[in-house]
Amino acid sequence: MTKSRLLIALIAGLTFCLPASAKMYKWVDDNGVTHYGETIPPQYANKDRAVLEKGRVVKKQEVLTAEERRAKEEADKQERIEKEAAIDRKRHDKALINTYSNVNEIDLARSRNLQQVDARISSINSQIRMSSDSLGGLQKEADGRKKSGKAVPPSLLDDIQSTQERLENLQQELGNANAEKDTLNARYDTDKARYKELTGK
């Protein structure tokens, strides 16, 4: 009897001795020797194994290494991101077609939204000019006092500092508003190109 026949006979014998619903596991140790048993020894818990029922393999379970597991998690994550992006694109395409009848309507929507941002930019620029003028006056007063040998009062120094801080905040607001305007323009440019692609108009 060959080695393989002996192995089959052994599996069959073990299976016969087990309850009908019992499972057996097959695994290979570090020396390449195949083992069978009702439980897998703890030292082989992270090894590939096969589940047998009535002497037949019903399931194979490949245990990934830590590196393989990380790679699989990253691949799964990327797949989820791509699926979500595809769903978002489909939803956005549907909204574009349902919202606009032609590209001129997209331009009108762009103009309406930009008007609000432009108004805010104009207001910020006005405040920057007023604050700059105010700061110039405060600094001139402080310089005049220094030239005449007088002390600069703390209240004047406080006013200069608070005006400088206000100017910095306004400059930040202006930067944000300009960035918002650029984003809006880019979004509507993209929407127009996509609308033309979808409708051929």
Side-chain angles (χ1 to χ4, degrees), residues 46 63-201:
N46 294 325
V63 179
L64 303 178
T65 64
E67 184 177 351
E68 291 172 335
R69 190 163 52 251
R70 283 194 295 272
K72 185 177 185 306
E73 290 172 351
E74 183 60 32
D76 290 344
K77 178 183 176 182
Q78 187 61 35
E79 185 179 356
R80 286 196 301 274
I81 291 173
E82 290 175 359
K83 284 183 177 178
E84 290 172 0
I87 292 172
D88 288 343
R89 281 196 299 272
K90 188 175 180 180
R91 185 185 299 120
H92 187 65
D93 288 347
K94 187 177 180 180
L96 273 179
I97 294 173
N98 292 336
T99 304
Y100 303 111
S101 300
N102 52 61
V103 291
N104 292 331
E105 291 184 359
I106 297 177
D107 284 332
L108 287 173
R110 180 208 304 258
S111 297
R112 283 195 298 271
N113 280 285
L114 286 179
Q115 282 176 0
Q116 298 175 12
V117 180
D118 285 338
R120 192 159 76 250
I121 290 173
S122 177
S123 173
I124 294 170
N125 277 323
S126 295
Q127 294 178 65
I128 287 175
R129 284 194 295 272
M130 287 189 293
S131 294
S132 295
D133 291 343
S134 177
L135 180 61
L138 292 170
Q139 288 175 330
K140 186 177 180 180
E141 181 181 347
D143 290 342
R145 284 182 170 273
K146 290 177 183 175
K147 287 178 181 177
S148 61
K150 297 179 180 176
V152 179
S155 59
L156 180 55
L157 294 175
D158 289 342
D159 288 344
I160 290 174
Q161 182 177 355
S162 62
T163 305
Q164 287 174 330
E165 291 173 352
R166 175 168 171 72
L167 267 174
E168 290 173 2
N169 291 334
L170 287 169
Q171 291 290 354
Q172 182 65 44
E173 287 183 31
L174 182 62
N176 293 339
N178 281 320
E180 182 182 351
K181 183 176 181 177
D182 292 342
T183 301
L184 271 175
N185 272 318
R187 194 188 83 190
Y188 279 106
D189 285 343
T190 302
D191 283 351
K192 278 183 69 174
R194 183 59 178 163
Y195 183 87
K196 290 178 180 177
E197 184 180 343
L198 291 170
T199 64
K201 297 179 181 177

Worksheet entry | Flag for Arg120-Ser123: side-chain donor and acceptor within less than 3.5 Å | no
Worksheet item: So, for Ile124 and Ala177, which heavy atoms are closest and what is the spacing to 0.1 Å?
Response: CD1-CB, 4.3 Å
Worksheet item: What's the spacing between Leu114 CG and Asp107 CG if we round to 0.5 Å?
Response: 10.0 Å
Discussion item. Quick check against the 3.5 Å criterion: does Thr163 have a side-chain atom that pairs as donor or acceptor with the backbone of Asp159?
Written reply: yes
Worksheet, complete the sentence: Rounded to the nearest 0.5 angstrom, the CG-NE2 distance for Leu198 and His92 is 9.0 Å
Item to complete: Work out which heavy atom in Ser132 is nearest to a heavy atom in Leu167; give both atom names and the distance.
Response: OG-CD2, 3.5 Å
Worksheet item: How many angstroms lie between OG1 in Thr199 and CG in Leu96, if you round to the nearest 0.5 Å?
Response: 9.5 Å
Worksheet item: Is a side-chain donor-acceptor pair under 3.5 Å present for Gln139 with Asp143?
Response: no
Worksheet item: If you take all heavy atoms of Val152 and Ala142, which pair is closest and at what distance?
Response: CG2-O, 3.8 Å
Fill in: Pairwise distance CG(Asn169) to CG(Leu174) - rounded to 0.5 angstrom
12.5 Å
Practice prompt. Any chance you could measure Gln164, atom CD, to Glu168, atom CD, to the nearest 0.5 Å?
Written response: 7.0 Å
Worksheet item: For the residue pair Asn102 and Tyr195, what are the closest heavy atoms and their distance?
Response: N-OH, 3.3 Å
Discussion item. On a heavy-atom basis, which atom in Lys201 and which in Val103 lie closest, and how many Å separate them?
Written reply: O-CG1, 4.4 Å
Worksheet entry | Listed partners of Asp189 passing side-chain contact (heavy atoms from CB on, under 4.5 Å), at least two apart | Arg110
Practice prompt. Determine yes or no for a side-chain-to-main-chain donor-acceptor pair under 3.5 angstrom, with Tyr188 supplying the side chain and Leu108 the backbone.
Written response: no
Discussion item. I want to check something: taking the side chain as every heavy atom from C-beta on, are Glu105 and Thr99 in contact at a cut-off of under 4.5 Å?
Written reply: no
Response to the item:
To the nearest 0.5 Å, atom CD1 of Ile81 lies from atom NZ of Lys83 at 12.5 Å
Discussion item. We want to know whether Gln115 and Ser111 form a side-chain donor-acceptor pair, criterion being a heavy-atom distance below 3.5 angstrom.
Written reply: no
Fill in: N/O donor-acceptor pair under 3.5 Å between Thr190 side chain and Ala186 backbone
yes
Discussion item. Does atom CD (Gln78) have a neighbourhood of more than 12 heavy atoms from anything else shown, all under 6.0 Å?
Written reply: yes
Practice prompt. Show the numbers, then the answer: is there a side-chain contact (heavy atoms from CB on, under 4.5 Å) between Met130 and Asp133?
Written response: CA-CA 5 Å; Met130 287 189 293; Asp133 291 343; 5.6 Å; no
Worksheet item: How far apart are the C-alpha atoms of Ile87 and Arg91, what are their side-chain angles, what is the distance that settles it, and do they pass the side-chain contact (heavy atoms from CB on, under 4.5 Å) test?
Response: CA-CA 6 Å; Ile87 292 172; Arg91 185 185 299 120; 3.5 Å; yes
Worksheet entry | Lys/Arg N to Asp/Glu carboxylate O, Arg80 vs Glu84, below 4.0 Å | no
Worksheet entry | Minimum-distance pair of heavy atoms, taken over all atoms of Ser131 and Arg166 | OG-NE, 3.4 Å
Discussion item. Pairing donors with acceptors under 3.5 angstrom, does anything connect the side chains of Tyr100 and Asp191?
Written reply: no
Worksheet item: Would you say the side chain of Arg194 lies within less than 4.5 Å of the side chain of Arg89, judging by non-hydrogen atoms?
Response: no
Item to complete: Determine, stepwise, if the pair Glu73 / Lys77 fulfils salt bridge (charged side-chain N to carboxylate O under 4.0 Å, His left out).
Response: CA-CA 6 Å; Glu73 290 172 351; Lys77 178 183 176 182; over 6 Å; no
